[in-house]
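Data first, discussion second: the structure below is written as structure tokens.
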Amino acid sequence: MKLFKTLFACSTAIAAAGAVHATELEVTHWWTSGGEAQAVAEFAKAFDATGNSWVDGAIAGGGSTARPIMISRITGGDPMGATQFNHGRQAEELVEAGLMQDLTEVAEAEGWKDIIKPASLLESCTLDGKIYCVPVNIHSWQWIWLSHKAYADAGVPVPTNWDEFVASAPALKEKGIVPLAVGNQAWQINGMFGVMMVAVGGTELFTKVNVEKDAEAARSPEMTKVFEQLSLARELAEGANIQDWNLATNMVIQGTAGGQIMGDWAQGEFQIAEQVAGEDYSCLPGLGVNQTIQTNGDAFYFPKLDDPEKTAAQLELAKVMVAPETQVAFNLKKGSLPIRGDIDLSAANDCMKKGLEILAGGNSIPSGDQVFSADTQGQMEDLIVEFWNDPGMSPADVQESYASIIENAD
Ligand code: BGC
């Protein structure tokens with residue numbers, strides 16, 4: 001008993017000492033859906049295990065709501081310890097203004113260049129040879145998620161590609177099921193448009209328009225077809241009347257919608273609803289037409305702080321996020337692909353395995369955030385949502401405005 005008491009006293013003292021030295025870091029992000037919250041908790045757990053303390057700064061309303069808040073805090077002198085952005089160019093101006101911590105030393109010490117694949121992920125964090133962020137996942141936009149219940153209720157087979165999806169829509173409508181669940185937020189509609197560009201227009205068109213900023217390609221008949229399909233999608237989405245992406249996913253889970261075109265973060269929602277890929281829902285990469293992984297995703301940036309203890313904790317967090325065990329735990333819950341290929345993902349579900357296979361085959365395209373400035377991305381989002389909300393706007397009208405954005409894109 002005496003020994004037990006002594007041991008207890010010692011461990012309490014150690015825990016107390018640990019608590020004294022624990023450095024708190026506020027981490028902002030927009031991961032507030034059920035699946036997202038479970039995934040981010042893995043980061044918090046891993047960081048807390050280093051003796052530091054994760055102070056969760058979740059911002060509801062999605063990335064478009066969260067990013068302006070994050071940016072104004074950083075530029076306004078109230079920086080957090082770490083913050084999510086989509087990897088790519090969203091934080092470019094903050095880095096250029098010298099507001100972000102340089103991670104090059106830790107990246108070199110940890111061998112990130114050799115570990116992080118594909119190389120474009122770390123390149124998106126690099127400016128003038130220095131590394132300013134840590135990519136934590138690959139989240140492809142190029143998927144459609146299909147409800148087995150919805151198709152069973154409508155008495156038609158689960159579609160295997162976009163054309164079948166369109167053809168089966170009347171049967172769903174007849175049963176009061178919305179064929180396509182789309183949340184009415186600009187980023188969701190613009191993301192879906194990017195998926196259609198790859199499935200309907202092909203990878204070559206996507207590359208010409210997005211990477212080469214070829215305005216002629218944006219004016220081509222192939223591109224007209226993309227806008228025509230987007231206008232068709234608008235008809236298939238009638239009656240959804242929702243905002244948040246996860247509410248749209250929930251319609252697929254409940255079988256009140258046939259499908260949703262959404263990035264693979266949707267998997268987190270199917271998982272917490274205990275749905276099984278291949279049994280309760282199907283996932284078609286590239287709308288079952290053009291199997292591609294788009295290297296969208298998330299990265300963490302560390303604003304400069306005038307506090308050496310916090311700076312050390314920031315670097316510790318950056319390391320922890322790349323660590324193999326954190327990558328496995330986080331990505332399995334998030335539905336995203338890991339940034340390193342040297343880890344055990346045997347627990348991945350069927351959809352994730354499809355994604356890993358496509359990525360291993362080298363079939364990937366960059367995200368809009370990687371190739372366009374935040375300003376150009378914003379202009380495109382505004383235009384696409386205007387088209388979506390105004391059935392009076394013809395595909396020809398939207399195409400010309402779109403081509404002129406591409407012409408002036410940076
Ligand atoms: C992020 C995902 C997130 C999704 C919805 C995307 O921008 O990359 O991590 O789950 O937004 O919130």
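In listed order, ligands and their atoms are each counted from 1.
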In terms of atom number and element, which parts of ligand 1 are under 4.0 angstrom from non-hydrogen atoms of [X]?
X	result
W245	5 (C), 12 (O)
K334	2 (C), 3 (C), 9 (O), 10 (O)
N86	1 (C), 6 (C), 7 (O), 8 (O)

Could you point out which residue of Q90, E92, R89, Q370 forms a side-chain hydrogen bond (donor to acceptor under 3.5 Å, both in side chains) with S124?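 Testing S124 for a side-chain hydrogen bond (donor to acceptor under 3.5 Å, both in side chains) against Q90, E92, R89, Q370 leaves exactly one candidate, Q370.
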Does a side-chain N-to-carboxylate-O contact under 4.0 Å join E357 and K353?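 K353 and E357: not salt-bridged.
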Is NZ or CZ of R219 both nearer than 6.0 Å to the six-membered ring centre of Y402 and within 45° of the ring axis?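 Negative - R219 is either too far from the ring of Y402 or too far off its axis.
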Tell me whether W30 has any N or O atom under 3.5 angstrom from an N or O of ligand 1.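 N/O-N/O distance under 3.5 Å: yes.
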Would you say the rings of W143 and W145 are close, in the sense that their centroids are separated by under 6.0 Å?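 Distance test on ring centres: under 6.0 Å, yes.
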Which residue supplies the protein heavy atom nearest to atom 9 (O) of ligand 1, what is that atom called, and how far is it?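 Of every protein heavy atom, D298 OD2, 2.6 Å lies nearest to atom 9 (O) of ligand 1.
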Quick test: of every protein heavy atom, which one is nearest to atom 10 (O) of ligand 1, and how far off is it to 0.1 Å?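 It is E36 OE2, 2.5 Å.
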Any donor-acceptor pair under 3.5 Å linking the side chain of T292 with the backbone of N290?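 Side chain of T292 to backbone of N290: a pair is present.
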